[in-house]
A.B. asks: 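First the structure, then my questions, so here it is.
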Amino acid sequence: MDSEKFFRQLDEYFEKNEIEAAGKYLEESLEIVRKEGNVSLEIAILNEMMGYYRSTNQEEKGIRSVEEGVYLIRDSGLEGHPEVAKMWINMGTTLCHFERVEEAEICYKNAEMFFGESAYGALNMAGLYNNTAAVYVKTGRFEEAAKRYDKALEILDTLQEESEFWEDLAFNRIVTWLNMIVMNRVKMESENYPDNSETEKEIQKKVSLVKEILSSSKFQKTSSFPYAVKKSIHCFENLNDEENVAWVRMLENQ
């Protein structure tokens, strides 16, 4: 199976909103590449399947795709494969989505060993810290989550002068700030944190930072802008923040 043809067909299903057809295509393609022994494409398809099952909330199939990923890594000699780190992150995100947080944390720790000192590796490490922090938020370990988010921002700050990565840096900062907003909202609802005045200040500070980048005409011209808008709307909708949902939608419709 040709990888370009596979992704082109998959994208077509999603563009036409043929969600069930996309799922069927993923499953059929996985069987084909396994028979062909195409390990690289098998990894790519499993990664796509994990995201698909998360988005369609199919827990049984999502967990099974993770188990198949672990089997592929450990029983096929793929520990050094360049895409393995991405798979570990994807498996951890899938497990976290389905409330298997302890197993998710193990996956993220496995992924952490793969990233080097390059700018690309640093960006991936920042994303990994974001994912790991989400596990801590789910288990009420807010201080640990905050440290991970801070570490992600520190990494992004070290890449400030890498102009070629400006778009990635801006997008990753937005994602991190949105995650911190959610963390602080969850923290405010916890009985263990009765004094919420400082937490509310932190939330408003992060909201302002998100809006600052979204308002930038430079960022609005990037391919990341629509994704940042969607993530922002999703975040504010979940927090019942109608004012900021309306503000982001205004940008979206400009």
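The figures here come from the full heavy-atom set of this structure, side chains too, leaving out hydrogens, waters and symmetry mates. Treat the numbers as computed from the prediction; the structure is a model and nothing was measured.
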A.B. asks: I want to check something: taking the side chain as every heavy atom from C-beta on, are V39 and I43 in contact at a cut-off of under 4.5 Å?
C.D. replies: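 Of all side-chain heavy-atom pairs linking I43 with V39, at least one is under 4.5 Å.
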A.B. asks: State the CG-CD distance between N240 and E242, to the nearest 0.5 angstrom.
C.D. replies: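 Separation between the atoms: 7.0 Å.
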A.B. asks: If you compare all heavy atoms of A145 against all heavy atoms of M183, which two are closest, and at what distance to 0.1 Å?
C.D. replies: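 Closest approach of A145 to M183, heavy atoms only: CB-SD, 3.7 Å.
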A.B. asks: Is a side-chain N or O of D241 found less than 3.5 angstrom from the main chain of E237, in a donor-acceptor match?
C.D. replies: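 Judged by distance alone, no pair lies under 3.5 Å.
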A.B. asks: Applying the side chain to side chain donor-acceptor pair (under 3.5 Å) test to Q204, which of K201, K206, E200 qualifies?
C.D. replies: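 Only one option passes, and that is E200.
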A.B. asks: Do Y136 and E105 meet the criterion of a side-chain donor-acceptor pair at a distance under 3.5 Å?
C.D. replies: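 A donor-acceptor contact under 3.5 Å links the two side chains.
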A.B. asks: Could you pull out all donor-acceptor pairs under 3.5 Å where a side-chain atom in residues 89-100 meets a protein atom, sequence neighbours excluded?
C.D. replies:
residue, atom, partner, partner atom, Å
N90, OD1, R54, NH1, 2.8
N90, OD1, R54, NH2, 3.4
N90, ND2, N47, O, 3.1
N90, ND2, N47, OD1, 3.1
T93, OG1, I89, O, 2.9
T93, OG1, Y108, OH, 3.1
T94, OG1, R54, NH1, 2.8
T94, OG1, N90, O, 2.8
H97, NE2, R54, O, 3.3
H97, NE2, N57, OD1, 3.1
E99, OE2, K138, NZ, 3.0
R100, NE, E103, OE2, 2.6
R100, NH2, E103, OE1, 3.4

A.B. asks: Do you see a donor-acceptor pair shorter than 3.5 Å between the side chains of T199 and N184?
C.D. replies: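 Not at all, the side chains of T199 and N184 share no donor-acceptor pair under 3.5 Å.
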A.B. asks: Quick check for you: to the nearest 0.5 Å, what is the distance between I203 atom CD1 and S208 atom OG?
C.D. replies: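 Atom-to-atom, I203:CD1 and S208:OG are 12.0 Å apart.
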A.B. asks: Would you say R8 and E4 make side-chain contact, with heavy atoms under 4.5 Å?
C.D. replies: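 When only atoms from C-beta onward are counted, E4 and R8 do touch, with a gap below 4.5 Å.
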A.B. asks: Please confirm whether K211 makes a cation-pi placement over W177, using NZ or CZ under 6.0 Å from the six-membered ring centre and within 45° of the ring normal.
C.D. replies: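 Output no; distance or angle outside limits.
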A.B. asks: Considering all heavy atoms of both residues, which atom of G69 and which atom of M50 are nearest to each other, and what is their separation?
C.D. replies: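 Closest approach of G69 to M50, heavy atoms only: CA-CE, 4.5 Å.
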A.B. asks: Can you name the closest pair of heavy atoms from A126 and A152 and give their distance?
C.D. replies: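 Reported closest heavy-atom pair: O-CB, 3.6 Å.
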A.B. asks: Can S223 and E167 be counted as having a side-chain donor-acceptor contact under 3.5 angstrom?
C.D. replies: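 S223 vs E167: donor-acceptor pair found between side chains.
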A.B. asks: Under the criterion side chain to side chain contact (heavy atoms under 4.5 Å, CB included), I'd like the reasoning laid out for T132 against L128: C-alpha separation, chi angles, the key distance, then a yes or no.
C.D. replies: CA-CA 6 Å; T132 308; L128 177 59; 4.1 Å; yes
A.B. asks: Strictly by ring pair (Phe, Tyr, Trp, His ring centres under 6.0 Å), give each pair with a member in residues 45-71 just once, sequence neighbours left out.
C.D. replies: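 Qualifying pairs, neighbours excluded: none.
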A.B. asks: Got a salt bridge between R249 and E252, using NZ or NE/NH1/NH2 to carboxylate O under 4.0 Å?
C.D. replies: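 Salt bridge between R249 and E252, a charged N being under 4.0 Å from a carboxylate O: yes.
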A.B. asks: Might you point out which heavy atoms bring A122 and I155 nearest each other, and give the distance in Å?
C.D. replies: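 So the two residues come closest at O-CG2, 3.2 Å.
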A.B. asks: side-chain contact (heavy atoms from CB on, under 4.5 Å) with E154: which residues, sequence neighbours excluded?
C.D. replies: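 K151.
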A.B. asks: Could you pull out all residues at least two apart from N38 that satisfy side-chain contact (heavy atoms from CB on, under 4.5 Å)?
C.D. replies: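 For N38, the residues satisfying side-chain contact (heavy atoms from CB on, under 4.5 Å) (neighbours in sequence not counted) are V33, E36, S40, L41.
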A.B. asks: Any link between I63 and I106 through a network of hydrophobic side chains (Ile, Leu, Val, Met, Phe, Trp, Tyr) touching at under 4.5 Å?
C.D. replies: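 Shared cluster, no.
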A.B. asks: Taking K218's backbone N and O only, do any of them form a donor-acceptor pair with T222's side chain (distance below 3.5 Å, no angle check)?
C.D. replies: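 Here the side-chain-to-backbone pair does not exist.
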A.B. asks: Out of curiosity, S3 OG to K5 NZ, how far, rounded to the nearest 0.5 Å?
C.D. replies: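 Those atoms lie 12.0 Å apart.
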A.B. asks: Would you please test L169 and L123 for side chain to side chain contact (heavy atoms under 4.5 Å, CB included) and show each step?
C.D. replies: CA-CA 8 Å; L169 294 175; L123 283 168; 3.8 Å; yes
A.B. asks: Are side-chain heavy atoms of M180 and L153 found at a separation under 4.5 Å?
C.D. replies: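 The answer is yes, as the side chains (C-beta and beyond) meet within the 4.5 Å cut-off.
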A.B. asks: Using atom types as modelled and distance alone, determine if a side-chain donor or acceptor of R34 lies under 3.5 Å from a backbone N or O of E42.
C.D. replies: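 Not a single qualifying donor-acceptor pair exists.
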A.B. asks: Distance from C107 atom SG to E102 atom CD, nearest 0.5 Å?
C.D. replies: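 Answer for the SG-CD pair, C107 versus E102, is 12.5 Å.
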A.B. asks: Under a 4.5 Å cut-off applied to non-hydrogen side-chain atoms, are Y129 and N179 in contact?
C.D. replies: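 No. Closest side-chain heavy atoms not under 4.5 Å.
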A.B. asks: Is there any ring pair (Phe, Tyr, Trp, His ring centres under 6.0 Å) pair reaching into residues 210-245, and which pairs are they, with sequence neighbours excluded?
C.D. replies: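 Residue pairs with at least one partner in residues 210-245: there are none.
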A.B. asks: Set out, in order, the CA-CA distance, both residues' side-chain angles and the distance that settles side chain to side chain contact (heavy atoms under 4.5 Å, CB included) for L46 and L72, then state yes or no.
C.D. replies: CA-CA 10 Å; L46 276 172; L72 185 64; 3.9 Å; yes
A.B. asks: To check you understand the geometry: which heavy-atom pair defines the closest contact between I174 and L214, and what is its length?
C.D. replies: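 Heavy atoms of I174 and L214 come nearest at CD1-CD2, 3.9 Å.
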A.B. asks: State, yes or no, whether a side-chain contact exists between M49 and K61 at a heavy-atom distance under 4.5 Å.
C.D. replies: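 No - every pair of side-chain heavy atoms lies 4.5 Å or more apart.
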A.B. asks: So N238 and V182, side chain to side chain contact (heavy atoms under 4.5 Å, CB included) or not? Walk me through it.
C.D. replies: CA-CA 9 Å; N238 286 341; V182 172; over 6 Å; no
A.B. asks: Tell me which donor-acceptor pairs under 3.5 Å the side chains of residues 14-25 have, and how far apart each pair is, sequence neighbours excluded?
C.D. replies:
residue, atom, partner, partner atom, Å
K16, NZ, E12, OE2, 3.1

A.B. asks: Considering all heavy atoms of both residues, which atom of A228 and which atom of F171 are nearest to each other, and what is their separation?
C.D. replies: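 Heavy atoms of A228 and F171 come nearest at N-CE1, 3.6 Å.
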A.B. asks: With rounding to the nearest 0.5 angstrom, report the CZ to CD distance, R173 to E212.
C.D. replies: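 Rounded to the nearest 0.5 Å, the CZ-CD separation comes to 10.5 Å.
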A.B. asks: Quick one: pull up CG in N130 and CG in N172 and give me the separation to the nearest 0.5 Å.
C.D. replies: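 Going from the CG atom of N130 to the CG atom of N172 covers 7.0 Å.
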